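Notes follow the structure.
Throughout, a chain's letter reflects where its sequence line sits, starting with A, and its residues are numbered from 1. As the structure is a prediction and not an experimental result, all values here were calculated from the model.
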There are 2 protein chains.
Amino acid sequence: MPTIKDVALKAGVSVTTVSRVLNNRGYLSEKLKKKVLQAMDELNYRPNELARSLSRSRSNIIGLIIPSVAHPFFGELTGYIEEHAYRNGCKLLLCNSRQDKHKELEYIDMLRASRVDGIIMGSHTLEVEAYQQMNLPLVTFDRQISPGIPYVCSDNYQGGVLATTLLIEKGCRQLAHIGGHPGLNILSGLRFEAFAATAGAHNIPYTLLHTDHNSFDVEAYERLLAQLFHEQPGTDGIFAGSDIIAAYALKACREHGRRVPEDMRIVGYDGIALRSMLGPALSTIRQPIEAMGKLAVELIIRQIHGGPVSPQYVLPVELEEGATT
Amino acid sequence: MPTIKDVALKAGVSVTTVSRVLNNRGYLSEKLKKKVLQAMDELNYRPNELARSLSRSRSNIIGLIIPSVAHPFFGELTGYIEEHAYRNGCKLLLCNSRQDKHKELEYIDMLRASRVDGIIMGSHTLEVEAYQQMNLPLVTFDRQISPGIPYVCSDNYQGGVLATTLLIEKGCRQLAHIGGHPGLNILSGLRFEAFAATAGAHNIPYTLLHTDHNSFDVEAYERLLAQLFHEQPGTDGIFAGSDIIAAYALKACREHGRRVPEDMRIVGYDGIALRSMLGPALSTIRQPIEAMGKLAVELIIRQIHGGPVSPQYVLPVELEEGATT
DNA sequence: TTGTACGCGTTATCAC
DNA sequence: GTGATAACGCGTACAA
């Protein structure tokens, strides 16, 4: 691979001049510029980003830690994050934590060692201090760490209200919520807080079911659903914590002979693109996934440039009614 | 951030010594080793991977170019690739090409500039020369470039035979295949070659439908399905090019009042984990997705070490019968 | 307007 | 066993 030296030699100038045309810095005659550009072209020269990064102590790499890209929501989100990172001249280093504290810690370490310019945390299983200590631009999804670390989320509470209200308006008399484990300041917990509050306000009885770990565990969902049908057979409305869970609820209904929406109404959360492949159109609370991904990237970049960021960014959700309510 | 110099200073040794304990190279007394390790610990020192990479001209980064992580198959595959890259001490740089030649070229350029140790190509829209010219460990999925560039794929032909045979054995009299565009030496084209050959051998009439671009285009699938129902109403068996397409076929059947499997039998391809969220269990040809991801990483690493690699790696598929046949 | 020389943090090649 | 010192490829004061 040719280096800047080779280019300088071929163009008959110094490396400084080459570096200048590379970065459009300082004044330089058109003539030399042409010559240098031509030399670059002939050698098919590409500046070594490693050396560049080392020299400017800036890598243009953003780290992304999520539970798993295989989960449709995170897959979609990751796609948007990558797209917008790319548009801003940044590369994306992908890390799947599987919601494992140990793995997450190792990934953070690795990312710091790799001198990434910032980290977008879609998975955050550690204690607050772990994030505060590392002196790096950070953004989280759905988790509040400290005022200095901005978080991006959809309006979880409003989403919970919308979903629950819809179920009640449709005539549901006994509700259930199924979701992941609500711990660690996870803001998605607001969804079922809103659910409980709204149901309570209407004097509608409800059940709360959640998995142990906040991971993507199909079997856990199926177990919870079986449990629900068994222990609360009167349930006629489900607010699912994600569209995936809603899909399994739909499937469970079919297997248990419950008609949707006649016997059971279902509302999901997320609004993933894949929901369109389900049989009936799923009613759901749509998060602005692309906007969230884009914003996360922008917040990292803004922090890199020392720009101001707010502690929180709550994006609006939208109720999308389908055929399951 | 502390550097190796700071550690050396604190431990009262030279940077060479620190580097030695860092890499377990050469002989060094236990005493100094302890001291250095302690200094590292106290400073919370992490070696700068950028400098390391520059010095050894080896970054331990693998580039991955795929159409889109948002597509379930690639999302799942990416998850496995990341996992195995990580296990081998490599990081993963993610690139979504959207099957865009221009973007793919830019990504390749960027990855080369970033001095990645190799590239796994899940998307490959360029001409053969483009890949041959770059002197870098490469692995492709489902595309044959040249003997020096190994490719990983499932046994597409066998998969096509299994799927088609199943449909015929179940009594289908008129078949259809729906898939992506078969061009550019894409080996997945073998699926419908096998389909056509098998159907032909049994004197079963069939239709071939495929999208223009090999991308993940929901609307195109729905359009093709509508077209199929309209133009070939007698079709009673569909071999879909992916589980996603199969899911839309299933949905279309429901919308057109066709019962599955009574009126229409459907077989998918891929065996993505998400298929379990569909209503009825989908019959499909299961690719060993994890094995494919793992193998791709290993092949890159083997090439880095100058190890021998075969030109092709065809992994076995498995017919999984569900409720749609 | 252009070139020299040094620094970025590590590794590797020599000496001691 | 341990320590200077020159690469690795590039950016950038500073000098010319």
Side-chain angles (χ1 to χ4, degrees), chain A residues 1-37 39-40 43-61 89 91 109-117 304, chain B residues 1-37 39-40 43-61 89 91 109-117 304:
Chain A
M1 285 239 184
T3 76
I4 197 172
K5 241 176 184 165
D6 301 317
V7 178
L9 211 67
K10 183 162 197 104
V13 298
S14 74
V15 292
T16 312
T17 307
V18 179
S19 176
R20 283 221 180 81
V21 5
L22 220 50
N23 303 292
N24 270 323
R25 270 239 215 309
Y27 302 96
L28 57 173
S29 67
E30 278 303 314
K31 210 180 101 194
L32 277 196
K33 202 168 170 177
K34 286 270 183 238
K35 259 172 67 177
V36 171
L37 286 175
M40 284 184 179
L43 291 172
N44 194 20
Y45 168 75
R46 294 289 156 225
N48 184 329
E49 286 296 330
L50 290 175
R52 267 188 154 176
S53 300
L54 181 60
S55 181
R56 330 185 260 221
S57 52
R58 177 133 189 277
S59 64
N60 286 322
I61 299 182
K91 300 151 243 168
D109 233 48
M110 180 209 266
L111 291 175
R112 300 192 70 204
S114 299
R115 297 301 188 269
V116 297
D117 293 339
I304 294 173
Chain B
M1 281 237 188
T3 76
I4 198 173
K5 244 177 183 164
D6 300 318
V7 178
L9 212 67
K10 184 163 196 104
V13 298
S14 75
V15 292
T16 310
T17 306
V18 179
S19 177
R20 283 220 179 83
V21 6
L22 220 49
N23 303 293
N24 271 324
R25 269 231 221 310
Y27 303 96
L28 56 173
S29 68
E30 278 303 315
K31 211 181 102 192
L32 275 197
K33 202 167 171 180
K34 287 268 182 239
K35 258 171 70 176
V36 170
L37 285 174
M40 283 183 180
L43 290 171
N44 194 20
Y45 167 76
R46 294 287 155 227
N48 184 330
E49 287 295 330
L50 290 174
R52 272 190 152 173
S53 301
L54 180 60
S55 182
R56 332 187 256 221
S57 53
R58 179 135 189 276
S59 65
N60 285 322
I61 300 181
K91 302 150 241 169
D109 233 49
M110 179 210 265
L111 291 176
R112 300 192 70 204
S114 298
R115 297 301 189 268
V116 297
D117 293 338
I304 294 172

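Side-chain N/O atoms of B:Thr3 and base N/O atoms of C:dT10 include no donor-acceptor pair closer than 3.5 Å.
Heavy-atom distances under 4.0 Å link DNA chain C to no residue of residues 4-11 of chain A. Of the residues in residues 45-61 of chain A, those lying under 4.0 Å from DNA chain C by heavy-atom distance are A:Leu54, A:Ser55.
Distance CG (A:Asn23) to P (C:dT2): 16 Å, rounded to an integer number of Å. Atom pair B:Leu28:CG and D:dG3:C1' shows a separation of 13 Å (rounding to whole Å applied). Whole-Å rounding puts the A:Asn24 CG to D:dT12 C1' distance at 16 Å. For B:Arg25 and C:dT11, the CZ to C1' distance is 8 Å, given to the nearest whole Å.
Note that CG of A:Asn60 and CE of B:Met110 are 9.0 Å apart. Values are rounded to the nearest 0.5 Å. In this structure, OG1 in A:Thr16 is found 8.0 Å from CD1 in A:Ile4, a value given to the nearest 0.5 Å. Separation of atoms CD (A:Glu49) and CG (A:Leu54) is listed at 12.0 Å; rounding is to 0.5 Å. Atom CG of residue B:Leu32 and atom OG of residue B:Ser14 lie 9.0 Å apart, to the nearest 0.5 angstrom.
Comparing B:Arg115 and B:Val15 against DNA chain D, the residue whose closest nucleotide sits nearer the 5' end is B:Val15.
Within 4.0 Å (heavy atoms only), B:Arg20 reaches at least one base atom of the nucleic acid. At the heavy-atom level, B:Thr17 lies under 4.0 Å from the strands shown only through sugar-phosphate atoms. Residue B:Val13 is in sugar-phosphate contact alone, with no base atom involved, counting any heavy-atom pair closer than 4.0 Å across all strands shown.
Side-chain atoms of B:Val13 and B:Val18, non-hydrogen and from C-beta on, do get closer than 4.5 Å to each other. Looking at B:Leu22 and B:Tyr45, their side chains come closer than 4.5 Å, going by heavy atoms from C-beta outward. Using a 4.5 Å cut-off on side-chain heavy atoms (C-beta onward), A:Lys35 and A:Lys10 make no contact. Side-chain atoms of B:Arg58 and B:Arg115, non-hydrogen and from C-beta on, never get closer than 4.5 Å to each other.
A close approach under 4.0 Å does not occur between any side-chain nitrogen or oxygen of A:Ser29 and OP1 or OP2 of C:dT1.
The side chain of A:Thr16 lies closest to D:dT12, out of D:dG11, D:dG1, D:dT12.
Residues B:Arg52 and B:Asn23 bring a donor and an acceptor atom of their side chains to less than 3.5 Å of each other.
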